[in-house]
Undergrad: 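Dumping the structure here so I can ask a few things about it.
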Amino acid sequence: MKRPALIIFFILFFDQALKLWVKTHMYLGQEFRIFDWFIIHYTENNGMAFGYEFGGISGKLFLSIFRIIASAVIGWYLYKLIIKKAHSGLILCFSLIFAGAIGNIIDSAFFGMIFSEEVNGMAQLFSPLGGYSGFLQGRVVDMFYFPLVNTQFPHWLPIIGGQPFQFFRPVFNVADSSITIGVILFIVFQKKFSQQSVRKDTGESESEAIVKDIAE
């Protein structure tokens, strides 16, 4: 129980600390170039990961409530995995996903209430003017921008030929990264996690499991 709790705590700590620093030290659209391919770029989005939006105020409210319900389900499932002493890798995956989901929920739930709209280009924390929106209406703060490739589509391509092409265009945050890493690890190692679960259910010993893995 301690290890998943520590993973969740540190991800949330770094996610929120970085978002608070960006909100209070950068103006919207400002960026710091670390390398040509690594830029800290302050932007916000009203919707899902990577800036996709979802239907105005009512859509934003629905998305926030959906996030809370989904996070509760993930948290419940993670708790069950811990109680059942599932594969440590599987617990790690869902700890990463859960932490990331909670990190973005905090933004949408509370940032609109504790931050003002930008004044002279900069947001203020706990401004006497009040927040820029209500509960569950906040914007998610993003800052990681990795334009790894900047080129053009070949001119011989129809419609898009000659137009600029950039990879990787979306701007994201620590919480988004945590969710993405958790999902990728789960997909890549799902078979391994399932094999250990079967072994536990059949009472197979650790030594028998090792011999079987070598034989395969």
Undergrad: Between F146 and F168, is the ring centroid distance below 6.0 Å?
TA: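 For F146 and F168, the ring centres are not under 6.0 Å apart.
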
Undergrad: Looking only at non-hydrogen atoms, find the nearest pair between I8 and A99 and report the distance.
TA: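 Distance-wise, the nearest heavy atoms are CA-CB, 3.9 Å.
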
Undergrad: Are the side chains of L78 and S95 in contact, using a 4.5 Å heavy-atom criterion?
TA: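 S95 reaches L78 side chain to side chain.
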
Undergrad: Checking F98 now: which residues fulfil ring-ring contact (aromatic ring centres under 6.0 Å, His included) with it, not counting sequence neighbours?
TA: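 With neighbours one apart ignored, the set is empty.
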
Undergrad: Can you confirm whether the side chains of N104 and N173 place a donor and an acceptor under 3.5 Å from each other?
TA: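 Result is yes, a qualifying pair exists.
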
Undergrad: Taking distance alone, no hydrogens or angles, what donor-acceptor pairs closer than 3.5 Å link side-chain atoms of residues 122-135 to residues at least two apart or in another chain?
TA:
from: Q124; atom 1: OE1; to: S127; atom 2: OG; distance (Å): 3.4
from: S127; atom 1: OG; to: L129; atom 2: N; distance (Å): 3.1
from: Y132; atom 1: OH; to: R139; atom 2: N; distance (Å): 2.8
from: S133; atom 1: OG; to: Q137; atom 2: O; distance (Å): 3.1

Undergrad: So, using ring-ring contact (aromatic ring centres under 6.0 Å, His included) as the criterion, who are the partners of F186 when residues are at least two apart?
TA: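 Counting only residues at least two positions away or on another chain, F186 forms a ring-ring contact (aromatic ring centres under 6.0 Å, His included) with F94.
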
Undergrad: Please list, chain by chain and in numerical order, all residues satisfying side chain to side chain contact (heavy atoms under 4.5 Å, CB included) with W76, sequence neighbours excluded.
TA: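 Expected list: K80.
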
Undergrad: For residues 29-38, which residue pairs pass the side chain to side chain donor-acceptor pair (under 3.5 Å) check, not counting sequence neighbours?
TA: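 Only E31-H41 qualify under side chain to side chain donor-acceptor pair (under 3.5 Å).
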
Undergrad: Heavy atoms, side chains only, cut-off 4.5 Å: are I91 and H87 in contact?
TA: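 A side-chain contact under 4.5 Å is absent here.
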
Undergrad: Output all residues satisfying side chain to side chain contact (heavy atoms under 4.5 Å, CB included) with P158, sequence neighbours left out; order by chain, then residue number.
TA: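 Per chain and number, P158 pairs via side chain to side chain contact (heavy atoms under 4.5 Å, CB included) with no residue.
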
Undergrad: Please identify which of these residues, N45, T43, D176, meets the side chain to side chain contact (heavy atoms under 4.5 Å, CB included) condition with V171.
TA: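 Among the candidates, only T43 passes.
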
